[in-house]
Amino acid sequence: DLWGPLVLCVSLALMLQGGSADSKDDGGPQFAEVFVIIWFGAVVITLNSKLLGGTISFFQSLCVLGYCVLPLTVAMLVCRLVLLAGSGTVSFIIRLIVVVAMFGWSTLASTAFLADSQPPNRKALVVYPIFLFYFVISWMILTFTPQ
């Protein structure tokens, strides 16, 4: 079932799209960047997991990583709403708290499932790329400023 992760990925990429349609920077590359980072990152993490001896199937791992993007999609929605109210220090602190909380949720949810499918001596080698994957997505959400 990769429809849910696809919908979450497209939703997140659309919300991160910055420019308006009539400007010369219409945000097209931003959509592609987010889309590619999410799917390519999930494939790399899945291949890493399989090469380290994981017992989880390829598509099951992709599905877990994709569905664990939901908290970050919610964080992006909250950040967009906070940015509508204004962009100041208080706005940044609220966005930082929301993004950090959702980053933790995404990371813990995915590692709880994927780390258990690994041999005990290789769990850290699987958890670290997952941490980086969600950190990059969280950083894109936190640094987002609409045009």
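Position 1 is the first residue of the sequence, and the numbers go up from there. Just so you know, these numbers use all the heavy atoms, side chains as well, and skip hydrogens, waters and symmetry mates.
Considering only heavy atoms from C-beta on, Leu70 stays 4.5 Å or farther from Trp105 through its side chain. A heavy-atom distance below 4.5 Å is not found between the side chains of Ile38 and Leu8. With contacts defined as side-chain heavy-atom distances shorter than 4.5 Å, the pair Leu114/Leu65 qualifies. Using a 4.5 Å heavy-atom threshold, the side chains of Ile97 and Ile93 count as touching. Side-chain atoms of Phe103 and Ile141, non-hydrogen and from C-beta on, never get closer than 4.5 Å to each other. A heavy-atom distance below 4.5 Å is not found between the side chains of Pro5 and Leu62. Side-chain contact between Leu2 and Leu6: absent, with no pair of heavy atoms (C-beta onward) separated by less than 4.5 Å.
When the side-chain contact (heavy atoms from CB on, under 4.5 Å) test is applied to Leu83, the partners found at least two apart in sequence or on another chain are Ser87, Ser91, Arg95, Phe144, Pro146. Residues passing the side chain to side chain donor-acceptor pair (under 3.5 Å) test with Ser61 are Thr46, sequence neighbours excluded. Under the rule for a ring-ring contact (aromatic ring centres under 6.0 Å, His included), Tyr128 has no partner lying at least two apart in sequence or in another chain.
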task: For the pair Met102 and Ser138, evaluate side chain to side chain contact (heavy atoms under 4.5 Å, CB included) and give the outcome as yes or no after the intermediate values.
output: CA-CA 8 Å; Met102 296 303 183; Ser138 298; over 6 Å; no
task: Test ring-ring contact (aromatic ring centres under 6.0 Å, His included) on Phe35 and Phe40 and set out the steps.
output: CA-CA 8 Å; Phe35 198 81; Phe40 184 71; over 10 Å; no
task: Would you please test Ile37 and Met140 for side chain to side chain contact (heavy atoms under 4.5 Å, CB included) and show each step?
output: CA-CA 11 Å; Ile37 285 172; Met140 289 189 308; 3.9 Å; yes
field: Test side chain to side chain contact (heavy atoms under 4.5 Å, CB included) applied to Met15 and Thr73, step by step
entry: CA-CA 9 Å; Met15 284 190 280; Thr73 305; 3.5 Å; yes
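Residue Leu72 comes nearest to Tyr134 through the heavy atom pair CD1-CD2, 3.6 Å, listed as atom of the first residue, atom of the second, then distance. Residues Leu125 and Asn48 come closest through the heavy atom pair O-ND2, 3.1 Å. Heavy atoms only, all atoms of each residue included: Gly53 and Gln118 are closest at C-OE1, 4.2 Å. Contact detail for Val43 and Phe58: the closest heavy-atom pair is CG1-CZ, 4.3 Å.
Lys50 contributes no side-chain N or O that, together with a main-chain N or O of Ile45, makes up a donor-acceptor pair within less than 3.5 Å. Judged purely by atom type and a 3.5 angstrom limit, Ser106 has no side-chain atom pairing as donor or acceptor with the backbone of Val69.
Phe92 and Leu81 fall into different hydrophobic clusters, defined by Ile, Leu, Val, Met, Phe, Trp and Tyr side-chain heavy atoms under 4.5 Å apart, directly or through other members. Under the 4.5 Å side-chain heavy-atom criterion for grouping Ile, Leu, Val, Met, Phe, Trp and Tyr, Leu142 is connected to Phe131 within one hydrophobic cluster. By the criterion of side-chain heavy atoms lying less than 4.5 angstrom apart, applied directly or through intervening Ile, Leu, Val, Met, Phe, Trp or Tyr residues, Leu52 is grouped together with Phe113 in one hydrophobic cluster. A single hydrophobic cluster is not seen to contain both Val34 and Val36; linkage of ILVMFWY side chains at heavy-atom distances under 4.5 Å, directly or through other members, places them apart. Under a hydrophobic clustering in which Ile, Leu, Val, Met, Phe, Trp and Tyr are joined whenever their side-chain heavy atoms come within less than 4.5 Å, directly or via other members, Val64 and Val44 fall into different clusters.
The OG atom of Ser117 sits 8.5 Å away from the NZ atom of Lys123 when rounded to the nearest 0.5 Å.
Here the options are Phe133, Trp139, Phe135, the test is side-chain contact (heavy atoms from CB on, under 4.5 Å), and the partner is Ile137; only Phe133 passes.
No more than 12 heavy-atom neighbours from other residues, nucleotides or ligands sit within 6.0 angstrom of CZ on Phe59.
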